[in-house]
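Report on the following structure.
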Amino acid sequence: MTASAAVCPLTARRNGALAGRARVPGDKSISIRALILGSLAVGETRIGGLLEGEDVLNTAQTLRALGATLERTGDKQWRTRGVGVGGFAEPAGTLDFGNSGTGCRLMLGAVAGCPVTATFDGDASLRKRPMRRVLDPLERIGARTLASSDGRLPLTLAGARDPIPIEFRPPVPSAQLKSAALLAGLAAPGETIVIEAEATRDHTEKMLTHFGAQVRVEPQGAHGNGRRITLTGQPELVPAPIVVPADPSSAAFPMIAAVITPGSDVILDGVMMNPLRTGLIATLGEMGASIERLDRRQEGGEEVADLRVRAGALRAVEVPAERAPSMIDEYPVLAVAAAFAEGTTVMRGLKELRVKESDRLAATAALLRANGVEVDSEGDDLIVHGKGRAAGGGVVVTHMDHRIAMAAMVLGLASDKPVQIDDGTFITTSFPGFVELMRGLGADLAR
Ligand code: S3P
């Protein structure tokens with residue numbers, strides 16, 4: 001298990017308008033996938049703009065333990081030398097994923113297709129998260145779970161000697177589940193098929209294609225909201241350079257800070273605009289926020305744009321459950337924006353938030369209540385009664401959850417009294433340099 005660093009309380013207080021330009025770190029989902037596919041391709045893959053956050057670095061460490069070569073060649077520049085599909089070597093020790101659910105679940109898939117046995121572990125937050133949902137398809141492919149209490153970490157997985165291609169319908173909309181099945185299917189002969197009822201982020205499919213695998217994606221379901229993804233197994237993955245765009249889930253924090261802090265005018269550079277990741281921007285648009293997409297362009301196979309964000313009045317909205325997969329990580333900070341809107345915002349269908357780095361439904365409600373915002377949580381819905389302001393003055397318990405920590409800091413920048421968090425150390429899992437970047441825009445964040 002990861003040794004926990006000393007706790008680091010942080011305080012955010014009002015300090016006038018935010019202004020300037022900034023680039024948030026590289027996308028976490030793409031960074032983790034780049035390291036994994038680079039470790040499975042034969043030859044050298046160069047990656048630029050990699051997120052050098054704890055979740056990604058922990059995943060890199062596990063890939064080294066499995067025999068791949070990963071080197072940092074410069075600032076956010078990495079080089080991998082892969083072992084080939086099915087080529088992982090048995091690791092000597094436990095694979096420690098720290099706080100990273102994505103790293104762990106995707107690597108369970110990658111290991112499941114190789115004839116090696118490995119033990120997976122993580123920190124106290126990751127040990128609470130469900131893994132059974134990933135193990136089910138992997139066991140059908142031929143992997144065996146040798147030890148696990150209640151489908152949680154630590155667990156030991158014996159990869160399949162002769163992996164079998166499967167058809168898999170994820171029981172919940174989850175890119176992690178889909179990706180685990182596809183990565184395991186790489187080593188199986190024939191076609192591995194994943195049928196998702198609602199489309200989730202498609203970075204694995206796109207990157208597999210980029211590395212030369214054959215992947216067919218077809219619309220699925222009456223409204224075409226779902227996807228049928230067919231992967232032809234046992235491809236030779238050919239290294240291809242990867243440029244990681246700025247993470248829209250990280251951009252969400254300075255974006256909403258600018259929207260709710262009067263007088264703000266901020267530009268966020270090179271933010272990925274993959275349509276399966278832009279649910280927050282659509283929602284903020286409906287709330288009346290001013291977010292302009294400047295200089296739309298393609299970078300590394302994704303549309304990116306510089307986002308100009310200006311402060312303004314917000315109105316309450318109803319966010320439909322169908323939008324959740326395209327903004328699943330953005331709800332804590334959207335709930336902060338909802339507090340600054342006038343009226344009642346209803347966010348529906350948030351069941352999956354209960355199994356993130358913390359129970360984010362409960363943690364988000366607690367974050368707001370501790371700071372004088374009226375919140376109801378009914379079933380899987382979160383209801384925020386916005387008054388155009390928040391009292392602040394609370395101490396927020398972050399439960400080892402980076403996004404709860406950053407959402408609380410955003411609230412403190414616009415609330416009447418300062419907001420404190422018990423521990424900001426986990427922010428580095430996804431957003432190293434958060435405090436400095438926000439200070440550069442004029443925020444008052446104190447350690
Ligand atoms: C991710 C998928 C999402 C998201 C996570 C990253 C990914 O999780 O919450 O931060 O990179 O595939 P689920 O697939 O569990 O919804």
Side-chain angles (χ1 to χ4, degrees), residues 26-41 45 47 50-51 55-56 59-60 62-63 68 80 82 85-86 88 97 100-114 133-134 137-138 141 163 165-170 172-188 191-218 220 226-240 242-245 247-249 272 274-277 300-302 325-326 328-329:
D27 187 69
K28 177 156 74 74
S29 297
I30 294 189
S31 295
I32 288 174
R33 285 160 173 80
L35 293 183
I36 296 175
L37 289 192
S39 297
L40 290 172
T45 299
I47 306 164
L50 190 84
L51 166 63
D55 280 10
V56 180
T59 305
T62 66
L63 287 161
T80 66
V85 167
F88 283 148
F97 291 90
S100 180
T102 306
C104 182
R105 296 204 177 107
L106 268 57
M107 286 302 295
L108 280 167
V111 167
C114 302
R133 45 169 68 185
V134 196
L138 302 182
I141 286 170
I166 60 163
E167 182 181 297
F168 173 51
R169 294 172 187 262
V172 289
S174 164
Q176 294 179 359
L177 277 187
K178 164 177 67 178
S179 302
L182 291 173
L183 290 170
L186 275 177
E191 293 187 334
T192 292
I193 300 168
V194 180
I195 300 170
E196 41 180 16
E198 290 168 66
T200 63
R201 65 190 71 191
D202 56 1
H203 309 307
T204 303
E205 301 89 295
K206 284 173 101 169
M207 207 181 287
L208 281 167
T209 307
H210 185 61
F211 276 81
Q214 256 189 52
V215 183
R216 211 168 58 243
V217 181
E218 295 150 305
Q220 176 77 22
R227 298 279 185 274
R228 179 189 177 90
I229 301 138
T230 307
L231 165 72
T232 305
Q234 300 183 336
E236 170 145 2
L237 295 181
V238 182
I242 293 177
V243 181
V244 183
D247 192 330
S249 299
M272 176 167 58
N274 179 313
L276 295 168
R277 298 287 299 279
E302 293 286 359
S326 67
I328 192 68
D329 292 333

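This chain uses plain numbering: 1 for the first residue, then up along the sequence.
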Step by step, would you call E167 with I195 a side-chain contact (heavy atoms from CB on, under 4.5 Å)? CA-CA 7 Å; E167 182 181 297; I195 300 170; 3.6 Å; yes
Under the criterion salt bridge (Lys or Arg N to Asp or Glu O under 4.0 Å), I'd like the reasoning laid out for D202 against K178: C-alpha separation, chi angles, the key distance, then a yes or no. CA-CA 9 Å; D202 56 1; K178 164 177 67 178; over 6 Å; no
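The nearest pair of heavy atoms linking A180 to V134 is CB-CG1, 3.5 Å. The two residues A181 and V194 have their closest heavy-atom pair at CB-CG2, 4.1 Å. Nearest heavy-atom pair across I47 and L50 is CG2-CD1, 3.8 Å. The minimum heavy-atom distance between P325 and T200, with the atom names listed, is CB-CG2, 4.3 Å. A pairwise comparison of heavy atoms in I166 and P137 identifies CD1-O, 3.7 Å as the closest pair. In plain terms, the two heavy atoms of A184 and A112 that are nearest each other are CB-CB, 4.1 Å.
Remark: I30 CD1 to I242 CD1 distance equals 8.5 Å, nearest 0.5 Å. Taking CD of Q220 as the reference point, atom CD1 of I229 lies at 9.5 Å (rounded to 0.5 Å). Summarising the geometry, atom OG1 belonging to T102 is positioned 7.5 Å from atom CG belonging to D329; distances are rounded to the nearest 0.5 Å. Of the inter-residue distances, the one linking S174 atom OG with I328 atom CD1 reads 9.5 Å to the nearest 0.5 angstrom. Going from atom CD of Q176 over to atom CG of L108 covers 10.5 Å, rounded to the nearest 0.5 Å. Atom NZ of residue K28 and atom CG of residue L51 lie 8.0 Å apart, to the nearest 0.5 angstrom.
Side-chain contact between H210 and L37 is absent, with no heavy atoms from C-beta onward closer than 4.5 Å. Counting heavy atoms from C-beta on, the side chains of L177 and V172 come closer than 4.5 Å. Using a 4.5 Å cut-off on side-chain heavy atoms (C-beta onward), L40 and F211 make no contact. At a threshold of 4.5 Å between non-hydrogen side-chain atoms, the residues D247 and R277 count as touching. At least one side-chain heavy atom of L237 sits under 4.5 Å from a side-chain heavy atom of L186. Within the 4.5 Å cutoff, the side chain of M107 has heavy atoms near those of the L63 side chain. Taking the side chain as every heavy atom from C-beta outward, P248 and M272 approach each other to under 4.5 Å.
Residue E198 forms a side chain to side chain contact (heavy atoms under 4.5 Å, CB included) with just one option from P173, S326, P170, and that option is P173.
The existence of a salt bridge linking D27 and R201 is excluded, since no basic side-chain nitrogen approaches an acidic carboxylate oxygen closer than 4.0 Å. Ion pairing of E205 with R227 is absent here, as no side-chain N (NZ or NE/NH1/NH2) approaches a carboxylate O to less than 4.0 Å.
With S31 contributing its side chain and V56 its backbone, the two residues share no donor-acceptor pair below 3.5 Å. The closest donor-acceptor contact from the side chain of R105 to the backbone of G101 lies at 3.5 Å or more, if one exists at all.
The number of heavy atoms from other shown groups lying within 6.0 Å of CD (Q214) does not exceed 12.
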